[in-house]
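One structure is given here, and the rest of the page talks about it.
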Amino acid sequence: MNFREQLETLADIKHSFVEKLSETESKTLRTSKLEILQLNITRKCNLQCKHCHVSAGPDRQELMSKAKFESILELLDKADISTLDITGGAPEMNPHLEWFIRSASGKVERIIVRSNLVILKEEEFKKYIKIYSENKIEIVASLPHFTENLTDRMRGSGIFSTSIEVIKELNTEGYGKNGTGKVLNFVHNPVGAILPGDQNALETEFKKRLMDLYGIHFNNLFCITNMPLGRYLEYLKKSDNYEDYMDELICSFNPAAAESLMCKNTLNVSWDGKLYNCDFNQMLELEADFEKFSNITDFDPSYFEDKMISVGNHCFGCTAGSGSSCQGTIE
Amino acid sequence: MSDYFEKKDLVDFANIGEYAEEEGGKFFEYYGKSMSEGKLSKREKCLIALTIAVVQKCPYCIDAYTNESLKLGITKEEMMEAIHVGASMQAGIVLAHSTQMRKIIKKKEM
Ligand code: SF4
Ligand code: SF4
């Protein structure tokens, strides 16, 4: 589905997000202080997971250029941004990643890389285990479930066992262990047309199972709702779950979660430098409304605050239940 | 039958306190407390609830607790294992009640 088809599909639900939002105290969503810069530096990926909202895969060619990365480094010098959140596709597949990490570290308090883990087993990319470790990169790794069967159903055959091997290597580097300062967090996305359950309960179970069976350490589990976008939206439609899933998202609308959405303090930048309020909007080409600024090359960070956030019906994915963000449950 | 058990009626569960607000409120307080994490984990409680839902054949509770189990990462094999506990308990309860029957038989037969 291209972005227009996705928007058309998303228009076909019982209540609009804008309408629901207008019933809350704040009525609309506006940006607050810019704290997080999130970069989708490629749409290329070695995997093709069924839940991928980016519809990433080996055939995608989109890569952020060195010139765009240089603009970002300039922005980091100008703006008081605490966190750099690097995602993709598989970020490691952008050839400038190593240089960029080394150049950016020291400019922000925290650099996160969202890795699919298995890429760190490939000859060309395994150097990143050391690079991440040396630069104290916080790794956020996708691990939908603690069983091989469910993880492989979502991400492809053999992915779970390779992920476990890579996690063990990361643990040997000190990742996921208290006191090392090397943070390894996992992301759980439900495998199927369901919303995530209680984050604490799931984290307890993940920790117990992964320790008992594989002796694995990690820091936190983030439970992230699958957004009705990209490949996941296609799955919902094909499996005849779209209507029920959207109904559940709408029924679970939580005004408190709407107060602390990640789009309030995040600027998302696509591979070509375009500006978005979040990477979900990026997939729908719903650009952020910063009037005269539309690309990172000329963006003035002092302009970020108190601007209207572009929203759509996919936003129900962030406001359901306890809420969902790139850092897991909101509340 | 479809008029009696409609999927959309599940959301009406939130309104079962209607016409008797105080009792309803107390029920929800009790329900919330008993289902929350205690000495038993949320997972364990969810599997107990799912098993009772199936044993009692309540379509609403089966829907609610199958979904809740999936959300908590409980696998289908674990769910089915729990259902077998319920099924064998049911079978055992039926067979245990045959004691009454057997006692009568033994008393009456020559
Ligand atoms: S979900 Fe992540 S690992 Fe999977 S295809 Fe998408 S970008 Fe790649
Ligand atoms: S999808 Fe979520 S993060 Fe993005 S604009 Fe909507 S509510 Fe905000």
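Lettering follows sequence order; numbering is per chain, from 1. Everything quoted here is computed from the prediction, not taken from an experiment.
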Neighbourhood of chain B inside residues 140-167 of chain A, taking heavy atoms under 4.5 Å as contact
His145(A), Phe146(A), Thr147(A), Asn149(A), Leu150(A), Arg153(A)

Quick check on Pro190(A) against chain B: is it the side chain, the backbone, both or neither that has a heavy atom closer than 4.5 Å?
neither

Could you tell me whether Lys121(A) and Glu169(A) have a side-chain N and a carboxylate O separated by less than 4.0 Å?
yes

Using a 4.5 Å heavy-atom cutoff, which residues in residues 69-98 of chain B come close to chain A?
Leu70(B), Lys71(B), Leu72(B), Gly73(B), Thr75(B), Lys76(B), Glu77(B), Glu78(B)

Please confirm whether the ring centroid of His188(A) lies under 6.0 Å from the ring centroid of Phe222(A).
no

Check whether the ring centres of Phe13(B) and Tyr31(B) lie less than 6.0 Å apart, and answer yes or no.
yes

Spacing of Lys177(A) atom NZ and Leu184(A) atom CG [to the nearest 0.5 Å]
11.0 Å

In residues 197-216 of chain A, which residues are in contact with chain B at a heavy-atom separation under 4.5 Å?
Gly197(A), Asp198(A), Ala201(A), Leu202(A), Glu205(A), Arg209(A)

Any residue of residues 49-65 of chain B which, by heavy atoms, sits under 4.5 Å from chain A:
none

Lys50(A) to Tyr235(A), cation-pi by 6.0 Å centre distance and 45° axis angle
no

Of the non-hydrogen atoms in Ala193(A) and Tyr232(A), which two are nearest, and what is the gap between them?
CA-OH, 3.5 Å

Is there a donor-acceptor contact under 3.5 Å from the side chain of Asn241(A) to the main chain of Leu236(A)?
no

Side chains of Phe253(A) and Phe316(A), heavy atoms from C-beta outward: is any pair under 4.5 Å?
yes

Glu259(A) and Ser26(A): side chain donor to acceptor below 3.5 Å:
yes

